[in-house]
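Heavy atoms only: backbone and side chains are in, while hydrogens, waters and symmetry mates are out. Proteins come first, then strands; the chains are lettered A, B, ... in the order of their sequence lines, and each starts at number 1.
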Amino acid sequence: MAQLRRIKGFADLLPDDCRVYAHMEQTAREVFTRYGCQEIRVPILEKTELFARSIGDETDIVQKEMYTFADRKGKSLTLRPEATAGVLRAFIEENLDAQGDDAVKLYTCGPMFRYERPQKGRMRQFHQINVEAVGQAAPQLDAEMILMLTMFLRQLGLTALTLEINSLGCPGCRPAYQDALQDFFKGMHKERLCEDCLRRKLTNPLRVLDCKAPGCRELVAGAPVISDFLCPECRAHNDTVLSLLDRAGQDYMLNARLVRGLDYYVRTTFEVSSRDIGAQTAVAGGGRYDGLVKSLGGPDLPGIGFACGMERLALLLGAKQAKPVDFYLAVLDPRGLDPALLLAQTLRRNGLCGETALEVKSVKSHLRRANKLKARYCLLLGEREIETGNVEIKNMLDTTQQTIPFENILAVLTPEEF
RNA sequence: GUGGAUGUAGCUCAGUUGGCAGAGCACCUGGUUGUGGCCCAGGGGGUCGUGGGUUCAAGCCCCAUCAUUCACCCCA
């Protein structure tokens, strides 16, 4: 019989992995809370239309990467490929703007799904930590979100990262830039632009800027830059954001070719990347999406958000050690099994952390196990102890050892001691 | 969707011109009548991804297939 295996691009996160993921989530929670963010959890399954409308029909995500299927009544549903659409849907549906706040800041984390070929740092099911801030168009919010992201990453101990920033303009000024780009690419011969870009220059000329083909990069170097086309409002917005980052001591690089893959971004876009995790370098990315909430049927509110890829952060973080435990209870005589379990229960009721042996073994083998668990104390319960009503307590760190009456254990093993 | 690489013990991997299936780590036991880590000795574990083919003989050569992985693409 063939063994059942996990499906392609879906990973089991084992205990060693989960410690790292829990650490990321805990750090995010702690840092984001300082900024007034609150947690929200939304379904991972939504109507297909939600993603098609928000992410953009022309994007690769919608065209070929979504897990879409019909439910039992024929409704088209999709496993979320990103979090923003679902969070904003909830924001609208639950009237979260009715609180009278300047901006509603929400974070969430969980699995996302994209049907792509897996490779290093790219899974079909992957995990993101996501933040959305809705209700404010002020550039100060852009700066705050970027600073919050970098504080989070620094708190995780990650420093060898690059922050890149760009402005994509707004519906007012971007068309002029797109026209200029199209003009620029119009005369380009097939030998110079790659196949994809020949198509892109008509459908979404901004994407050509992001192409990694050597020929295209060469060409793009001479292409018009968005900053020359920004309207006065976008320019002022961008200047304020950059100035605030400067004054906050935040390093960054301007990247006029930074174009994000989702259609809804306007003005500020940003990306954090690493060279140390393979070909997929982006660890976090986001931008402003004024207009998106309205286009999803909500009030006309501006917003900005970002996502962090947890798999990619995990590649940078490395393994996290298992925590030591307080005790391990070794049983050397069958009559000790019941008392051991009850004793362990008492210790745990008092806040201690540890395990009890479930079968009788040699002292040596018990101590080896205690050592492996990194137990601070190994309690021994054998024939001698049972007959005298004592327990032998061995301190695993300094190897000292004492015999004490069963009922006095808590006097020795107090939580304060740890 | 396209291209490359790799599938041998729980893990990481050796395996020569085709000739009895190996190491390190991990695990278990012992070295101490009831004392861990270090050290020493011993031990358990493998349909060599799967199915065909060539051969006296295949882990090794050929074909197919599945899986994994890296990259393109795209993105977190």
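- Atom C1' of B:A64 sits at a distance of 29 Å from the matching atom of B:C73, rounded to the whole Å.
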Is there a salt bridge (Lys or Arg N to Asp or Glu O under 4.0 Å) between A:Glu39 and A:Lys105 once you walk through the steps? CA-CA 9 Å; A:Glu39 185 173 8; A:Lys105 300 173 193 168; over 6 Å; no

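- B:C75 atom P lies 10 Å from atom CZ of A:Arg122, rounded to whole Å.
- Across all strands shown, B:G34 forms no Watson-Crick or G-U wobble pair with both distances under 3.5 Å.
- In this entry the distance linking CG of A:Leu14 with P of B:G10 reads 16 Å, nearest Å.
- A straight line from NZ of A:Lys372 to P of B:C25 spans 15 Å, rounded to a whole angstrom.
- Comparing A:Lys120 and A:Val272, the nucleotide of RNA chain B nearest to each residue sits closer to the 5' end for A:Lys120.
- Annotation for A:Tyr115: atom OH does not count as buried by contact number, only 12 or fewer foreign heavy atoms lying within 6.0 Å.
- Closest of all the heavy-atom pairs between A:Ala160 and A:Asp276 is CB-OD2, 4.4 Å.
- The OH atom of A:Tyr265 sits 11 Å away from the C1' atom of B:C75 (whole-angstrom rounding).
- When distances are taken from the side chain of A:Ser362 to each of B:G30, B:A71, B:C73, the shortest belongs to B:G30.
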Derivation and outcome, salt bridge (Lys or Arg N to Asp or Glu O under 4.0 Å), residues A:Glu387 and A:Arg335: CA-CA 10 Å; A:Glu387 281 165 10; A:Arg335 290 173 293 167; 3.5 Å; yes

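- With rounding to whole Å, A:Leu4 atom CG is found 14 Å from B:A67 atom C1'.
- Nucleotide B:G42 is matched to B:C28 when pairs are restricted to Watson-Crick or G-U wobble geometry with both distances under 3.5 angstrom.
- Under the Watson-Crick and G-U wobble criteria, each requiring two contacts below 3.5 Å, nucleotide B:C61 is paired to B:G53.
- Heavy atoms of A:Gly286 sit nowhere under 4.0 angstrom from any nucleic acid atom.
- If you take atom C1' in B:G15 and the same atom in B:C20, they sit 14 Å apart, rounded to whole Å.
- Across all strands shown, B:C48 forms no Watson-Crick or G-U wobble pair with both key distances under 3.5 Å.
- The separation between A:Ile44 atom CD1 and B:A76 atom P is 19 Å, rounded to whole Å.
- Across B:C61 and B:A14, the matching P atoms stand 14 Å from one another, rounded to whole Å.
- For B:A58 and B:U2, the C1' atoms lie 33 Å apart once the distance is rounded to whole Å.
- A:Arg5 places its CZ atom 13 Å from the P atom of B:U50, with the value rounded to the nearest Å.
- Taking the C1' atoms as reference points, B:C56 lies 23 Å from B:G51, given to the whole Å.
- Tested against A:Phe91 for a side-chain contact (heavy atoms from CB on, under 4.5 Å), the candidates A:Ile40, A:Val42, A:Leu296, A:Val104 yield a single pass: A:Val104.
- With both ends at atom P, the span from B:G37 to B:G19 equals 41 Å, rounded to whole Å.
- Only the C1' atoms considered, B:C11 is 7 Å distant from B:A26, to the nearest whole Å.
- Of all nucleotides present, only B:C13 satisfies the Watson-Crick or G-U wobble test against B:G22, with each distance under 3.5 Å.
- For B:U6, the paired nucleotide is B:A67, the pair qualifying as Watson-Crick or G-U wobble because both relevant distances are below 3.5 Å.
- Across B:C75, B:C73, B:C72, the shortest atom-to-atom separation from the side chain of A:Arg114 is found for B:C75.
- If you measure from atom CG of A:Asp276 to atom P of B:A76, you get 20 Å, rounded to the nearest angstrom.
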Determine, for nucleotides 32-45 of chain B in 5'-to-3' order, which nucleotides have protein heavy atoms under 4.0 Å from the base (write B), from only the sugar-phosphate (write S), or from neither (write -). --BBBB--------

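- Salt bridge present: A:Arg369 and A:Glu355 bring a charged side-chain N and a carboxylate O closer than 4.0 Å.
- The neighbour count for A:Glu30 CD, taken as heavy atoms of other residues, nucleotides or ligands under 6.0 Å away, is above 12.
- Remark: the separation of the C1' atoms in B:G31 and B:C38 is 14 Å, to the nearest Å.
- The side chain of A:Arg6 lies closest to B:U68 when the candidates are B:U68, B:C75, B:C28.
- Considering every non-hydrogen atom in both A:Asp12 and A:Asp17, the closest pair reads O-OD2, 3.9 Å.
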Walk me through whether A:Glu116 and A:Arg122 qualify under salt bridge (Lys or Arg N to Asp or Glu O under 4.0 Å). CA-CA 8 Å; A:Glu116 303 178 272; A:Arg122 188 173 74 186; 3.6 Å; yes

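- A donor-acceptor contact under 3.5 Å links the side chain of A:Gln119 to the base of B:C73.
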